[in-house]
2 protein chains.
Amino acid sequence: MATANKARVARRPLRKGPPAVQREAAETRAAILQAAMREFAEEGIAGARMEAIADAAGVNKALLHYYFDDKERLYGEALDHVFATLSRRVLQVLERDLPPREKIMAYAGAHFDFIAASPIYPRLVQREMMRAGRHGSPHMRRIGERYLRPVFARVVALLRQGMASGQFRQVDAENFVVSLIAMNVFYFSSAPMMAIVSRRNPLTAQRIADRKAAVMDVVAATLFPSGAAAAKDAGPARRASK
Amino acid sequence: MATANKARVARRPLRKGPPAVQREAAETRAAILQAAMREFAEEGIAGARMEAIADAAGVNKALLHYYFDDKERLYGEALDHVFATLSRRVLQVLERDLPPREKIMAYAGAHFDFIAASPIYPRLVQREMMRAGRHGSPHMRRIGERYLRPVFARVVALLRQGMASGQFRQVDAENFVVSLIAMNVFYFSSAPMMAIVSRRNPLTAQRIADRKAAVMDVVAATLFPSGAAAAKDAGPARRASK
DNA sequence: GCCATTTAACTAACCAGTTAGTTAGTTTAA
DNA sequence: TTAAACTAACTAACTGGTTAGTTAAATGGC
């Protein structure tokens, strides 16, 4: 990547659309961000190496500072990218006009699918959630308030609405949301360990689909009174591996 | 600590009980391990600083290498200590002669209480579960097979037994265990973030008790057919703060 | 019971490798 | 000719680990 000096031959300054250099600059920037997300997800901020990110993006180390100032800011942008995408995705579902039952299941499914879509998301999410060490995290407040709180508040409201209308059992709404997020994130973030404990690969398409069904069953069983706890809606379940 | 050259006056080589020096050596070793657990839990293995551990334990940095060779081994011992304690604690419960319903609730409660007992446990657990980066983890296999698998297998067996006897609903046993662990660990490991999102301290005695009740309710609602999903058994809920 | 010797516990100072970040300069499109 | 995009080489600070030594108990010979 970014060794791309081909395709620069087609020199046509047709209006609209940014000039080639600018577009390529944006591409390099994106390549760096992508490499950074992977590195931070795998190693954590302390374990991540700027040079490893540069190598993975196919650029010189100094370019990272050219585009992102320093490590902490690069990490911050990686975080923003992931959480903004997550937030956008699930808010979209939460704004749909659906009855509470369908909506909470759709939310749970969308959240699951987002997390399942890439192995780096859950790790990045989990890592930031835990970061309150010696130096604290300069990003936690921003992430929490800008991206997570709106989602959290909406889901809690949805649960309250469902309970008020008698469609849901009486539960502790805040804690239920946390449980839901926990079930989705933890499965993937702890997949390496679970592979050892259960002696099988938890990330095959089949196992991911099973996991989704299991989570949906817990949600349904906890939320919906008496019977009717079957988990219809298998939905998409990407990322096959073995 | 370990500047302790008082109490060395009482020089009595009475048989039984190791000599004073040896006992004190064991104490400093333990102090180092304790400090290491805290540091690793807060910073991760890459972020942890050997000197910070030494300072917290009140000893010279070289002593860490004297007792534990290198960073990786020190981390390994910290891990062993936590997972061994956890495993012992919950296996004790799982070996009690109880009907499936009571036993699964007792297990869930014991696991919760262990995690809740110290802020460093869930972080250490979660951190190791995620560690599969560039260097992998030399400990994951050992931890998984020695400490986690026995517990996992027993809980799965317990669930199967409960389902076979018709006392439990039909669920995906493996996935249910993962969900249970997820709900307990995630709440505490992501407490710093949840404090921001929910705008309140999740670690007061009251909130911890609420959390426990909420988890128990999910377990009961998912596992026990129809009604009877009330979460009796509040049990201990330590660590008040704020 | 005394003293020389050994040994375990512990430390100050140091070293070598690593790493985030900088600088001075080159290339290339506009 | 200008400026943005990009790089090779460098630096200052940090950090895991070592070393050479100190202190004070334990040990053994007499």
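Chain letters run A, B, ... following the sequence lines, proteins first, then strands; residues in each count from 1. All figures in this text were calculated on a predicted structure; none of them were measured in a lab.
Under the rule for a ring pair (Phe, Tyr, Trp, His ring centres under 6.0 Å), the partners of B:Y121 that lie at least two apart in sequence or sit in another chain are B:F114. Residues forming a side-chain hydrogen bond (donor to acceptor under 3.5 Å, both in side chains) with B:R207 (at least two apart in sequence, or on another chain): none. Listed by chain and residue number, nothing satisfies the salt bridge (Lys or Arg N to Asp or Glu O under 4.0 Å) test with A:D55 (two or more places apart in sequence, or in another chain). The side-chain contact (heavy atoms from CB on, under 4.5 Å) test applied to B:R127 returns A:M130, not counting sequence neighbours. Here B:S179 pairs with A:R211 under the side-chain hydrogen bond (donor to acceptor under 3.5 Å, both in side chains) rule; sequence neighbours left out. Under the side-chain hydrogen bond (donor to acceptor under 3.5 Å, both in side chains) criterion, B:R142 pairs with B:D80, B:H139, sequence neighbours left out.
Per the geometry, CE belonging to B:M50 stands 17 Å off P belonging to C:dT18, to the nearest Å. Atom CG in B:L63 sits about 14 Å away from atom C1' in D:dG21, given to the nearest Å. When rounded to the nearest whole Å, the span between CD1 of A:I32 and P of D:dC6 equals 8 Å.
Every pair tested for side-chain hydrogen bond (donor to acceptor under 3.5 Å, both in side chains) that includes a residue from residues 57-66 of chain B fails, sequence neighbours excluded, so the list is empty.
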Measure all distances between protein nitrogen or oxygen atoms and nitrogen or oxygen atoms of nucleotides 12-15 of chain C, and list the pairs falling under 3.5 Å.
| unit_1 | atom_1 | unit_2 | atom_2 | d |
| --- | --- | --- | --- | --- |
| C:dA12 | OP2 | B:N60 | ND2 | 3.3 |
| C:dA12 | N7 | B:N60 | ND2 | 3.1 |

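Taken residue by residue, residues 64-74 of chain B places heavy atoms nearer than 4.0 Å to DNA chain D at B:H65, B:D70, B:K71.
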